[in-house]
Amino acid sequence: MSKILITSALPYINGVKHLGNLAGSMLPADVYARAMRLLGHEVLYICATDEHGTPAELAAQAEGEGTVAYCNAMHEAQKLAGEKFKLSYDYFGRSSSASNHKLTQHFANILEEKGLIEERISQQVYSNADGRFLPDRYVEGECPNCGFEKARGDQCDGCGKLLDPIDLIEPYSAVSGSKDVEIRDTNHLYLKQSVLSDDLKGWVNKAEGWPHLASSIANKWLAEGLRDRSITRDLKWGIPVLNRDGSVREGFEGKVFYVWFDAPIAYIAATQDWAAENGKDWKTWWRTDEGAENTKYVQFMGKDNVAFHTLSFPTTILGSGESWKLVDRLKAFNWVTWYGGKFSTSQKRGVFMDQALDIAPSDYWRWHLIANAPESSDTAFTWDEFQLSVNSDLANVLGNFVNRITKYACGKFEGKVPEGGEITAAEEWLLEELSKRIPMLINYYETREFRKAMAETRAIWAAGNEYLTQAAPWTHYKTNIKQAAMGVRIGLNLVSLFGILAQPIIPDAAAKILDAMNISENNRSWNFGSLEKISYLVNTLPIGHEINSPEVLFPKIEDDDVEIWTKKFKGSD
RNA sequence: GGUGGGGUAGCUCAGCUGGUUAGAGCGCAGGACUCAUAAUCCUGAGGUCGUGAGUUCAAGUCUCACUCUCACUACCA
């Protein structure tokens, strides 16, 4: 029993997220959070929308809305999408909240007091037509290397060469197309990461339970040497740069903090908002001098976010010299790809969270995405694979098991858990199987090995089918009803066990199963683990306990459906 | 260009610090059963572990080179 703080990388405000975003941080964090709650841990799962930065301003502009109105609407849309996917956030906040403004400014000020912030002048492209500075990738022009005409200021899509916007021939604004652009001097705050390099190295080396992917990315950056990083931008939308007394810092009118400075701080700020709204104490989660030293902090993210979570944010925390909680365990994912290519919001390639639920129930997506989580490499999403895992694993193995035994129990035993029968080799085999597999399953959840946890879950479901084959109550029924009762009784206990085990992954179907089995809410947790308790699991329903046969849990995905979706979503283009 | 991840049965992936006949699921073939969403259960076929060298008594597992692929490369987030 321990306190576990969980965060998933903040989804950017710029549109409803696609399945790749979902699969790479929010969904696994949710599954982990649910499993840890079932195991009796005190869990706090925090997420929020990441709302600042140029893309948010431009997206709002494109929609013809003010930035604040746009973010309000998109925050609600993302919150709703999360709810529909059954993401069990304890709090879904916003990086634009008042608390985050305050906390971000606090961190900036204390870092400055520690001598870790420096003001420097740099050159940046300014677009007169747009009336704004442009981030490198929003400047386009001809590539000086290969002549590609739509090279971006940071990198050429034609030849892949890294560029500086100054190098571009005939540069123009990617926002308006205007060629009226110029280089201007601009002053910004730089966080002196280089000073903290050794502290970070020490911390990263001590880290345990990080995937290979995460530690290798962190070490790579450290080996190259951390550069000081600018933490402000020339933008209107964001957190203003204020002095301790609340006045705007001189020379920083019209500037805000860089989103990657304030976004991770929003993990803390969102916790403060959660505490304020629920009468809770946020400090026991985040302040190691006020109870958080015993909290385990677990972060979930895609591989693109690893550097920010292993280096940038820890720099902020360590540099403050204050007693803030650092991440303990970190889970990084590769990408889910769309038929091997990138999901793309702007090109509308792939399936997005809101569309997905018009196609299939959230349980289907949750199972498929977690069972095929991109843990060791990128994983291609295809409709065929989706159909396969849903039909085979959910419909055939689990759904059919529940259906066959509950229907039989209702047909032959009046829907009541029957009494009698002798223990045979079938029951002994089953118990051995469960006492081997359930501890493994729990271990996989604890170590956040999702594919393995799903494979184990599936194997446990399959063991139920195999048990029924061995016990064959329908055969015994002709000669020995008591022995048939044994198979049915164990089978019904398995149904409720399967429902209990399925809760983190497919919460809706699990609830349907447990409701049909008349299992009360307080008997759905995972307080098992010892072998005695596991043997009790298959004999826990009272004799005479009434059960129902639920409606078909997982209607199958038909070939016609796949064909329609493939056409609608245009496969691999 | 640099760095990192990945390249293992038709497909998706396991294989820890090198050690008997390289594993799972799906798919495929055959069989069993008939309680069930024609579901389930059993058996089987199928792999020179990206390529080429090297280290070792022994390499999918270590080293080097090459190759394909994906990502990151600090001002998109």
Side-chain angles (χ1 to χ4, degrees), chain A residues 9-14 50 52-56 58 122 124-125 133-139 152-155 159-162 164-165 188 193 211-213 215-221 223-224 226-230 233-234 258-260 263 302-308 311-312 332 334-335 337 340-342 371-372 374-380 382 384-385 388-389 391-397 399-409 411-412 449 451-452 454-455 458-459 462 464-475 477 484 487-488 491 549 551-556:
Chain A
L10 306 188
Y12 195 64
I13 196 72
N14 179 24
D50 175 15
H52 297 136
T54 307
L58 295 178
S122 63
Q124 183 75 26
V125 176
F133 281 93
L134 296 173
D136 289 358
R137 71 163 44 200
Y138 286 92
V139 184
R152 292 196 319 263
D154 58 338
Q155 183 167 23
C159 62
K161 187 177 169 60
L162 293 178
D164 195 291
H188 282 296
Q193 296 192 120
H212 189 51
L213 181 68
S215 47
S216 64
I217 290 174
N219 281 318
K220 175 221 151 192
W221 284 62
E224 285 180 2
L226 288 182
R227 278 181 250 158
D228 297 339
R229 183 168 192 135
S230 79
R233 292 289 183 278
D234 289 287
Y258 175 40
V259 315
W260 261 115
K303 58 184 167 185
D304 55 330
N305 282 342
V306 169
F308 296 104
L311 304 169
S312 306
N334 289 279
W335 302 126
T337 64
K342 267 193 173 180
N372 298 288
E375 288 180 305
S376 61
S377 61
D378 292 353
T379 300
T382 66
D384 286 343
E385 293 286 337
L388 209 59
S389 56
N391 288 357
S392 167
D393 299 339
L394 294 184
N396 293 348
V397 177
N400 180 56
F401 175 80
V402 171
N403 194 45
R404 67 194 292 207
I405 191 64
T406 53
K407 278 213 172 126
Y408 192 76
K412 304 287 190 192
E449 296 180 83
R451 294 181 88 120
K452 288 182 180 174
M454 295 313 104
R458 190 194 175 289
N465 282 311
E466 187 171 350
Y467 168 76
L468 284 188
T469 299
Q470 289 184 32
W474 45 87
T475 304
Y477 192 83
V488 171
S549 184
E551 291 300 301
V552 167
L553 290 165
F554 307 104
K556 287 193 189 178

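Both backbone and side-chain heavy atoms feed into the values below; hydrogens, waters and symmetry mates do not. Model, not experiment: these values are computed from the prediction.
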First encountered from the 5' end of RNA chain B, between A/Asp228 and A/Lys412: A/Lys412

Nearest-nucleotide 5' precedence on RNA chain B, A/Glu375 against A/Pro555: A/Glu375

Send over the distance from [X] [atom1] to [N] [atom2], rounded to a whole Å.
| X | N | atom1 | atom2 | answer |
| --- | --- | --- | --- | --- |
| A/Arg152 | B/rA77 | CZ | P | 13 Å |
| A/Leu388 | B/rA24 | CG | P | 18 Å |
| A/Asn305 | B/rC76 | CG | C1' | 12 Å |
| A/Asn14 | B/rA77 | CG | P | 10 Å |
| A/Asp378 | B/rG4 | CG | C1' | 12 Å |
| A/Asp384 | B/rC11 | CG | P | 14 Å |

With respect to the side chain of [X], which nucleotide from [options] is positioned closest?
| X | options | answer |
| --- | --- | --- |
| A/Glu385 | B/rC41, B/rC13, B/rC11 | B/rC11 |
| A/Arg458 | B/rG25, B/rC75, B/rU37 | B/rG25 |
| A/Asp154 | B/rC26, B/rA36, B/rC76 | B/rC76 |
| A/Asn372 | B/rA74, B/rU40, B/rU12 | B/rU12 |
| A/Asn465 | B/rU40, B/rA77, B/rA74 | B/rU40 |
| A/Asp304 | B/rG5, B/rC75, B/rA77 | B/rA77 |
| A/Ala395 | B/rG27, B/rU37, B/rC75 | B/rU37 |
| A/Arg233 | B/rC13, B/rA77, B/rC75 | B/rC75 |
| A/Asn403 | B/rC75, B/rU37, B/rC41 | B/rU37 |
| A/Lys556 | B/rG5, B/rU37, B/rC42 | B/rU37 |

At 4.0 Å (heavy atoms only), tell me whether [X] reaches a base, stays on the sugar-phosphate, or touches nothing.
| X | result |
| --- | --- |
| A/Phe401 | nothing |
| A/Ser122 | base |
| A/Gln193 | base |
| A/Ala462 | sugar-phosphate |
| A/Leu553 | base |
| A/Val552 | base |
| A/Trp260 | base |
| A/Tyr477 | nothing |
| A/Ile217 | nothing |
| A/Gly399 | base |
| A/Arg451 | sugar-phosphate |

A/Tyr138 side chain vs A/Phe133 backbone, donor-acceptor pair below 3.5 Å: no

N/O donor-acceptor pair under 3.5 Å between A/Asp50 side chain and A/Pro11 backbone: no

Below 4.0 angstrom from OP1 or OP2 of [N], is there any side-chain N or O of [X]?
| X | N | value |
| --- | --- | --- |
| A/Arg229 | B/rC75 | yes |
| A/Asn391 | B/rU37 | no |
| A/Lys452 | B/rC13 | no |
| A/Lys220 | B/rG2 | no |
| A/Ser312 | B/rA74 | no |
| A/Tyr258 | B/rC76 | no |

Write down the distance separating the [atom1] atoms in [N] and [M], rounded off to the nearest Å.
| N | M | atom1 | value |
| --- | --- | --- | --- |
| B/rA59 | B/rG4 | P | 26 Å |
| B/rU8 | B/rU69 | P | 15 Å |
| B/rA45 | B/rG23 | P | 12 Å |
| B/rG60 | B/rG19 | C1' | 13 Å |
| B/rC41 | B/rA58 | C1' | 40 Å |
| B/rA39 | B/rC33 | C1' | 12 Å |
| B/rG15 | B/rG6 | P | 10 Å |
| B/rC70 | B/rC62 | C1' | 25 Å |

To the nearest 0.5 Å, what is the distance between [atom1] on [X] and [atom2] on [Y]?
| X | Y | atom1 | atom2 | value |
| --- | --- | --- | --- | --- |
| A/Leu553 | A/Phe401 | CG | CZ | 12.0 Å |
| A/Leu468 | A/Arg404 | CG | CZ | 5.0 Å |
| A/His52 | A/Arg233 | NE2 | CZ | 14.0 Å |
| A/Gln470 | A/Asn465 | CD | CG | 11.5 Å |

Side-chain donor-acceptor contact under 3.5 Å, A/Asn334 with A/Lys303: yes

Distance-minimising heavy-atom pair for A/Ile217 and A/Ala307: CG2-N, 4.4 Å

Minimum-distance pair of heavy atoms, taken over all atoms of A/Thr406 and A/Val402: OG1-O, 2.5 Å

What does [N] pair with, Watson-Crick or G-U, if both distances are under 3.5 Å?
| N | answer |
| --- | --- |
| B/rA36 | none |
| B/rC49 | none |
| B/rU69 | B/rG5 |
| B/rC26 | B/rG10 |

Checking only heavy atoms, does the side chain of [X] share a donor-acceptor pair with the base of [N] at less than 3.5 Å?
| X | N | answer |
| --- | --- | --- |
| A/Asn400 | B/rA36 | yes |
| A/Glu466 | B/rC41 | no |
| A/Arg404 | B/rA39 | no |

Aromatic plane relationship, A/Tyr408 with A/Tyr477 - under 30° parallel, 30 to 60° tilted, over 60° perpendicular: perpendicular

Centroid distance under 5.5 Å and plane angle under 30°, A/Tyr408 vs B/rC35: no

